[in-house]
Amino acid sequence: MATTVRHDQRPGLRAHEDSIRLPFAELVSQLRDILGVRVVAYIGGVKSSRSVSTWAEGASTPGEADQQRLRNAFYAASLLRESYDANPALNDQAPAQVLREGDQMKAARDVITAAKSFAHIG
């Protein structure tokens, strides 16, 4: 017998699903609303907020690594929604800085772990 899991039964499930399934333009638009255009540009590896706007409009996309970094940021930001500042679980670095400057897989794992911890514990 299959078990149906509702989003409210597994904290973070909706955030994870959205980070994978949302069309990239929609994801960038929502991430921009959560973090602001400057932070999204920073994570995406660009200096111009115009680039973020073209991504959100679907007129262009960044490279694969930057897209994945932004999807990871969306997942973490969706879990947190409250604080995306320096985090003690990340050696007092901001999640955006860890995602931008760290090894992509390790950074994503560290930021998402910190976000899950914060979402569950507060």
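Treat the numbers as computed from the prediction; the structure is a model and nothing was measured. Atoms considered below: every heavy atom in the structure, side chains included; atoms not considered: hydrogens, waters and symmetry mates.
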Original post:
Taking C-beta and beyond as the side chain, do F74 and L70 meet within less than 4.5 Å on heavy atoms?
Top reply: no
Subject >> Residues forming a side-chain hydrogen bond (donor to acceptor under 3.5 Å, both in side chains) with E26, sequence neighbours excluded >> reply: Q30
Subject >> By side-chain hydrogen bond (donor to acceptor under 3.5 Å, both in side chains) - contacts of Q67 (at least two apart) >> reply: none
Subject >> Donor-acceptor contact below 3.5 Å, side chain T113 vs main chain R109 >> reply: yes
Identify every side-chain donor-acceptor pair in residues 54-65 under 3.5 Å, counting partners at least two apart or on other chains, and give the distances.
from : atom 1 : to  : atom 2 : distance (Å)
T54  : OG1    : S51 : O      : 2.8
T54  : OG1    : S60 : OG     : 2.9

Original post:
Listed by chain and number, what are the side-chain hydrogen bond (donor to acceptor under 3.5 Å, both in side chains) partners of D18, not counting sequence neighbours?
Top reply: R14
Subject >> Approximate separation, where rounding is to 0.5 Å, of L27 CG and S78 OG >> reply: 7.5 Å
Original post:
Looking only at heavy atoms, which two atoms of R100 and R69 are closest? And how far apart?
Top reply: CA-CD, 3.8 Å
Subject >> Pairwise distance CZ(R71) to CZ(R21) - rounded to 0.5 angstrom >> reply: 11.5 Å
Taking only distance into account, with no hydrogens and no angle test, what donor-acceptor pairs under 3.5 Å do side-chain atoms of residues 31-44 form with protein atoms, sequence neighbours excluded?
from : atom 1 : to   : atom 2 : distance (Å)
Y42  : OH     : E101 : OE2    : 2.9

Original post:
Who are the side-chain hydrogen bond (donor to acceptor under 3.5 Å, both in side chains) partners of K47, not counting sequence neighbours?
Top reply: none
Subject >> Any L99 side-chain heavy atom under 4.5 Å of N72 side chain >> reply: yes
